[in-house]
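Step one of this worksheet: look at the structure below.
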Amino acid sequence: MLVTMPFGVFADIEGQPDALALMELTTLPSGSQLPAGGVWLDAVVVDFACHNQQVRLRPAELETWSE
């Protein structure tokens with residue numbers, strides 16, 4: 001599930017009920033819109049804080065754009 005905020009999107013991570021994931025607006029390609037709430041994302045983990053299980057994400061599509 002996604003919750004859209006002005007600065008990014010909070011997302012649930014399948015199989016990790018205690019994790020809090022955030023995809024910030026700054027990680028999206030220029031001109032992109034934030035995903036709508038309630039959709040599935042294909043994302044890559046870019047940072048993880050073990051002590052509070054916070055995860056930072058970016059769109060997986062950027063993998064193919066950087067090649």
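All residue numbers in this chain count up from 1 along the given sequence.
Rounded to the nearest 0.5 Å, atoms CG (Asp18) and CG (Asn52) are 11.5 Å apart. In this structure, OG1 in Thr4 is found 11.0 Å from CE in Met23, a value given to the nearest 0.5 Å.
When Asp47, Val46, Val45 are each tested for a side chain to side chain contact (heavy atoms under 4.5 Å, CB included) with Val55, only one passes: Val45. No option in Leu28, Val44, Asp42 other than Leu28 meets the side chain to side chain contact (heavy atoms under 4.5 Å, CB included) test with Pro59.
Counting all heavy atoms, side chain and backbone alike, Gln53 lies closest to Phe48 at CA-CE1, 3.8 Å.
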